[in-house]
Structures are given as C-alpha cells and as structure tokens.
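Letters A, B, ... mirror the listed sequences (proteins, then strands); counts begin at 1. Note that these values count all heavy atoms, side chains included, but never hydrogens, waters or copies made by symmetry. Quick caveat: nothing in here was measured; it's all calculated off a predicted structure.
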Amino acid sequence: MTPADLITSIRAAVSRAIDAGAFTAEVPDEIVLDRPKNPEHGDYATNVALRLAKPSGKPPRLVAEAIAAELRQDPGIASVDIAGPGFLNIRVDASSLGGVARTVVQEGSSYGRTDTLAGSKINVEFISANPTGPLHLGHTRWAAVGDALARVLSAAGADVSREFYINDRGVQMDAFGASLRAAALGAAIPDNGYHGDYIPALAAQIVAEHPEILELDAEKQVDAFREEGYRLQLAEQRRTLEDFGTEFDTWYSERYLHTSGAVERALDQLKAQGHLYADADALWLRTTDFGDDKDRVLLKSDGDLTYFASDAAYYLDKRNRGFDLCVYLLGADHHGYVNRLKAIAACAGDDPEANIEVLIGQLVKILRAGQEVRLSKRAGEIVTLTDFVEAAGVDAVRYSLSRYPSDSPLTLDLDLITRQSSDNPVFYVQYAHARTCSVIRNAGEVGIVLDTFVPELLTHETETALLTALGDFPRIVAQAAELREPHRVARYLEELAGTLHRWYEACRIIPRGDEEITDLNRTRLWLNVATRTVLSNGLHLLGVSAPERM
RNA sequence: GCCUCCGUAGCUCAGCGGAUAGAGCAGCCGCCUUCUAAGCGGUUGGUCGCAGGUUCGAUCCCUGCCGGAGGCGCCA
C-alpha cells in the first residue's frame, strides 16, 4: 500500500461515514497525509477530521471516530488511533506496507515519476549570460538548480524545454570588441570595457587564428574582435555547461529576435491589445496597467529598440512556440524585472499568474579558510564556474547548490564541500548508494536471488521507516516540481540515506558465514534494491552521479 | 521613499497551519574478527528578530516595527 493508495482508502472511509449519516460535509478534494515525526504515533497521520469538523458542525473527535471506524474496515490497515484534537494516526500492516518495495523494484528508474503536470508545456530559461566572458558563481547556481528543476518538472510529467538566451546584442558587445582590440594592440582597456584576465588571452587567441584582423581599419577591427570573441566565448560557455552536465534544448540569440521579425510582430501584437502609446518621440508600453511601477520604453526617441523590447518580443516568441508556461530563472540583481515581465504577459492578453513565472536566485558566497572569496577583478579572484568545479568537483558543486532553496542567500564553505567525508552531504548520500550496490554484489556472489518476496517479514522498526520513506518519493518529486523547489529532493535523499544506514546497522541482508539463505534474506534484498533505486533516481534528478563503489 | 528576499542552535541551513521545532558542522562520550566505520548510537546547545491579529492550533498566514541583502535608467 503506497501513500497514494492510503489516501484513496481514507477518502472512501470519509465518504462512507458521510453516507452513514455520522456527519454532514463534502468529501474534501485534497486529503493531507503526514508522516508523524514520532514513529510511536503511527506510520501515517491525517488531519482530515479536523478539517471536516467546522463544515460539519460536529466536534473534531466525533468526526474522527466516525472516519476511524470506517477506515478500520479496510484490509491493509493495521490500526487507526485518534490523538490530540482529532488526528488520525494510522498504522499499515506489514505485508501491505512491504508492497512498496515490490512496487519500487518493478518500476525501476521510472519510480518517482508522476503525471501531476502532464499536458503542460514548460519553457525553463536560465543562465542566459552575455557571451562576453566566463560563467561566474551566480550562473553556476542556476546551472545546477535550473537543470535540476527542469529534471524534476519532467519527472512530474511536464513537457520541458531548457533554453539559454544569448544576450548578443547591445552596447556591451561593442565594449567587449573594443576591449579585445585594445588588449591585442597593447592599449589600455576602455573604462566601460571588460577588464578580466581572460581578455588578453582571448585577444591573443583571436590574433593567432586570424592574423589578418590586424590589417583592418579601427571600426572594422572592433567588429571583427567582437564577433570572433563572441564565437569563442559562446563555444566556451557551451563546453563548460556540457562538462557540468547541464544541456540546453535551445540556444536563442537576441539578434535572431530582431532579424527574424519577432520584434515587429511583438510590437504589432501589443499595439493590437491597446497598451502602446507614444510620448516624447518614444514608444511606450503601459505596464502600469498591470502592476509595474512605471511604464517602459520599447522604442527610444533616437530610433533604437530597448532591451525591454527584446524581452517583450522574446516572451511572445516563446508563447508562439507553444509554451503554456515560461519560467525565468534570474539573478537577484534582476528582481526588479519581475513586475515588468509579468506586465508584458498581461499586456499581451495572457494570464500573468498562469503563463509566466519568475524565480529569483539570491547571491552565493564562497568561503575558503573562513574568508569570503570575492568577485574581485583587481585581486584576480573572479570565481568562475570552472574554478569552482576544479576546486570541488561537479557532483559536490551541483549537490551543494541544489540542496538549498534558490531564493535564500547562500554561503558555501569550500573546505567543507570538498571534504570527502560524512561532513559532506553529497558523499553521505552517494555512500549510501554505493553501500546498497555493494550489498547487491555480495548477494549475487552468495547466490541470493529476487525470486521470493514475503513482505510480512519486514517488521523491524527500521524496515517500517525505510518502507514509508521509499513510499514518499513520488510525492516529494511532485511537490518539488509544483513548488519549483528541487532542493526538496536533496533533503529527502539525505533523510533516506540516514534511514538506510540505520537499517543496515540493525538488520543483516546477507547471512553470516555458513548460515542458510532464508526468505528473510531474499525479502531484505528486495528492500535493499528498492532503496538503491530511489537513491539513484533521486541523485539523477539533481544531475549528481550515483557511484556503485566509493 | 517604494519594491523583492531574508532573520530558526556557536556556524551553514531545513521545516508551503499540526503533536516534544530538526539536520549537518563545531564540542563531549561510546561502537569495527564476518554485507563499505565515507557508517551507527549517546550527549551538550533555542525568548523560531520584536509586537499585535486571524485560528481548535502559528516558525509558517495578515499588519506594524527593528535588523540584513538586493533592486528601483529613453543602460544592457
């Protein structure tokens, strides 16, 4: 009996109690099933009686009694107790609970997938860096969390597309070209230019590959440096992200928005919706109609389109490509964009609550030897994704960033997350996985096979705990998707790893010495395999490897 | 001034209205002849920023205040 099965049983019990006239109320749409913190309270608990007390006008405990009486009729339910103001504490009988292990093993790598978001087509846009330099710490957070979010949304049944918006248009590109040219010629980098260490190296590479660039006149030279630098930096970003395990379905160029006519189409569409107006020779979008604090310029009086015009066109282009929901993952410095992006959706006639969602990633700081590693150009300590991965490894970086909600500021201790010990949650979870794999190998050597499964033998308290934890996984994944909080998967895995370790200490899977193989050994092997499956599926959702040996 | 996020153990942080508020680290004490000790058990540590409100019940929701981070351009 999985938690979903139990909810079905509870709903049926509520329905029968109502039909029997015990109280009058509607059967609730949603029934909340909890895992009590204190295992003595039962395997599961529900507050459904407390919820129904008010609408039915009956005391909570009376409602609870009526539901409990019905629920006890259900085969598979061992006991139902009423506690406190009217909680139902439920114990599932061992053979029924043990069935979770079989379900997990049978479903294998698809265990945890649900259809809670089935039918929705979601565009997840993240990182979207300028192609003018290396990816830094802020990008790294989204490279990990955005990718994990996309995986979690997919697991919940959504049709997900990952997208990287290339900011390849605008004055920062010219500043980039001018900086490269200056570096190549040994001149001073312009004040508004790029001062990173990578600039001279990149300039030298461009000159080496295209010596003829030095023959061009100044203006053409800036253009040429800009375009070559763009090409190389974009390739570098793609390679870096690929090595990090984050791949995109679409790399979308801002320039393409303009060359493809998407911007004109967007202006036409917004005009048709009646939210455009002209003032002081500029063209404005009346975003204040929809919660923005000021209207925004689309076309400047000098005839240039603003970045905001690209934003509007880009959003509409995504919608025209068939996405029901556009998710934007932005850095904390962009949080002022939330209202205006939502206003774009509203101005276009969309529902800003349903079609667009903006998540803000707060700042990440890194401590090394107790000191903050600063983003300082002068000190040469620019923290790039590559630096971070070199220092800690892909798994540790991805996991460390994925186990926190992205909307809270984060401080990571480099010394801690690079330590290969239990201090480090990623190793704790990976070790649990490796341990289950080791048991599977040893079981194979002694000849234990999964031919017999006797769930009622799984009666130890650590086995009950492990089974209920395994049963939670699909709900955790669905919740992580719904709330856009992949960190819930990481926290769950840490709990599960601890539950596995405690079981492993308490219960032997493989017989000692020359003891005979019993059904208990075989059945425990099922539980071990089920746990391995969930640890592996969960780590996969975070883009972290699940090693078989450590 | 306005907007967003944050304030929970010495530190880093979980906890989308439920029971005695949790984890890891740091500190202290134990457990390896047999399935991975990268593990397990025990122990120390809290006015959940403050004050009201809503509720059977608030760390969680609402209001105000205090403190911290960030954002408020015909820049990109």
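In the set B/U34, B/G70, B/U36, B/G70 carries the atom at the smallest distance from any side-chain atom of A/Ala332. When distances are taken from the side chain of A/Gln479 to each of B/C75, B/C16, B/G41, the shortest belongs to B/C16. The side chain of A/Ser301 lies closest to B/C74, out of B/G71, B/G15, B/C74. Comparing B/C13, B/U34, B/C72 by their closest approach to the side chain of A/Asp293 singles out B/C72. Distance from the side chain of A/Ser438 is smallest to B/C35 among B/C35, B/C3, B/C72. Closest to the side chain of A/Arg502, from the set B/C35, B/G41, B/A38, is B/G41. In the set B/U4, B/U36, B/A19, B/U4 carries the atom at the smallest distance from any side-chain atom of A/His335. In this structure, the nucleotide among B/A19, B/A14, B/C35 sitting nearest to the side chain of A/Tyr404 is B/A14.
Remark: B/C72 base-pairs with B/G1; criterion is Watson-Crick or G-U wobble with both hydrogen-bond distances under 3.5 Å. Pair assignment for B/C35: none, as no Watson-Crick or G-U wobble contacts are both less than 3.5 Å. The pairing partner recorded for B/U12 is B/A23, the criterion being a Watson-Crick or G-U wobble arrangement whose two distances lie under 3.5 angstrom.
A glycosidic torsion no more than 90° from 0 defines the syn conformation; B/C48 lies beyond that range and is anti.
In this structure, A/Arg502 does not pair ionically with A/Glu505, as no charged nitrogen and carboxylate oxygen lie closer than 4.0 Å. We find that A/Glu463 and A/Arg524 are joined by a salt bridge, their nearest charged nitrogen and carboxylate oxygen being less than 4.0 Å apart.
With both ends at atom C1', the span from B/C48 to B/U34 equals 47 Å, rounded to whole Å. Annotation: B/U54 and B/C66 have their P atoms spaced 24 Å apart (nearest Å).
Contact annotation: A/His487 reaches the phosphate of B/G15 (side-chain N/O to OP1 or OP2, under 4.0 Å). OP1 and OP2 of B/G17 both lie 4.0 Å or more from every side-chain N or O belonging to A/Arg51. The phosphate of B/C56 has OP1 or OP2 within less than 4.0 Å of a side-chain N or O from A/Lys54. Using a 4.0 Å cut-off, no side-chain N or O of A/Asn47 falls inside it from OP1 or OP2 of B/G57. Within the structure, every side-chain polar atom (N or O) of A/Arg491 is placed at least 4.0 Å from both OP1 and OP2 of B/A23. At the phosphate of B/C75, OP1 or OP2 sits under 4.0 Å from a side-chain N or O atom of A/Lys300. For B/G24, the OP1/OP2 oxygens have no side-chain nitrogen or oxygen of A/Tyr399 closer than 4.0 Å. The phosphate of B/C16 (OP1 or OP2) has a side-chain N or O of A/Arg488 nearer than 4.0 angstrom. Look at A/Thr411 and you'll find a side-chain N or O under 4.0 angstrom from OP1 or OP2 of B/C13.
Proximity of A/Tyr252 to A/Phe164: side-chain heavy atoms (C-beta onward) are nowhere separated by under 4.5 Å. Considering only heavy atoms from C-beta on, A/Ser545 comes within 4.5 Å of A/Gln430 through its side chain. Counting heavy atoms from C-beta outward, A/Asn521 and A/Thr523 have side chains that stay 4.5 Å or more apart. Using a 4.5 Å heavy-atom threshold, the side chains of A/Leu52 and A/Ile67 count as touching.
Between A/Tyr307 and B/C75, no base-stacking contact is recorded for ring centres under 5.5 Å apart and planes less than 30° from parallel.
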